[in-house]
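Heads up, the thing below is written out as structure tokens.
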Amino acid sequence: MKNPLSSTNTNEPNFFEQVYQVTKLIPYGRVTSYGAIARYLGSAQSSRMVGWALNSSHKSIDEWIPAHRVVNRIGMLSGKHHFPGSDTMKQLLESEGIIIEDDQIIDFEKLFWDPNKELG
DNA sequence: AATGTGACACAAT
DNA sequence: TATTGTGCCACAT
């Protein structure tokens with residue numbers, strides 16, 4: 001069956017799912033970066049893949065992935081174009097109390113949640 | 001089986 | 001200091 005986690009043959013089985021799992025652990029009102037997730041998964045140079053994984057996350061109708069809580073390392077909403085509406089990502093974040101100005105998260109460093117530090 | 005792609009990150013200008 | 005270019009790795013075709 002069309003299993004979205006179909007791990008083929010890599011070192012890391014289910015890279016996508018691992019991205020989803022970590023993303024789901026991001027606390028409400030907090031954010032993290034693609035690179036942070038990539039490092040946590042042991043592939044520091046796969047940050048681009050994290051974005052790709054999140055791109056496919058909307059297909060996982062079963063589970064809710066808070067993809068809006070993942071931005072690039074400087075706190076810009078680089079993935080906003082991949083959401084349904086032009087400002088969906090921004091609105092989702094603002095609904096969690098995050099202030100955004102010109103696609104840039106204010107106090108990004110304060111809100112930053114690093115899985116490497118928080119999880120292990 | 002091989003080549004192209006991408007919601008990044010970093011080094012070199 | 002602000003841009004520009006290159007590497008990187010797992011997935012899709």
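The sequence lines fix the lettering, A, B, ..., with proteins before strands; numbering per chain opens at 1. Please read all numbers here as calculations on a predicted model, not as lab measurements.
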### Message
Expressed as a whole number of angstroms, how long is the span from A/Gln45:CD to C/dT6:P?
### Response
18 Å
## Note on the structure
A/Met49 atom CE is separated from B/dA9 atom P, nearest whole Å, by 14 Å
### Query
When the distance from CZ of A/Phe15 to P of B/dG6 is rounded to whole Å, what number comes out?
17 Å
### Message
Using OP1 and OP2 only, check whether a side-chain N or O of A/Ser47 sits under 4.0 Å from C/dC9.
### Response
no
### Query
What's the CG-P distance between A/Asn72 and C/dC8, to the nearest Å?
21 Å
### Heavy atoms from other residues, nucleotides or ligands near CD1 of A/Ile106 exceed 12 (cutoff 6.0 Å)
yes
### Query
Is there a donor-acceptor pair under 3.5 Å between the side chain of A/Asp102 and the backbone N or O of A/Gln104?
no
### Task
Decide yes or no for A/Phe108 and A/Ile74: does some side-chain heavy atom of the first lie under 4.5 Å from some side-chain heavy atom of the second?
no
### Message
What is the distance, to the nearest angstrom, from the CG atom on A/Leu93 to the P atom on B/dA7?
### Response
18 Å
### Message
Heavy atoms only, 4.0 Å cut-off, all strands: where does A/Ala38 land among base, sugar-phosphate and nothing?
### Response
nothing
### Query
To the nearest angstrom, how far is A/Phe16 atom CZ from C/dC9 atom C1'?
11 Å
### Query
Over how many whole Å does the gap from A/Arg48 atom CZ to C/dA12 atom P extend?
16 Å
### Task
Measure from CH2 on A/Trp52 to C1' on B/dG4 and round the result to the nearest Å.
9 Å
### Query
When rounded to the nearest 0.5 angstrom, what is the spacing between CG in A/Leu54 and CZ in A/Arg69?
12.5 Å
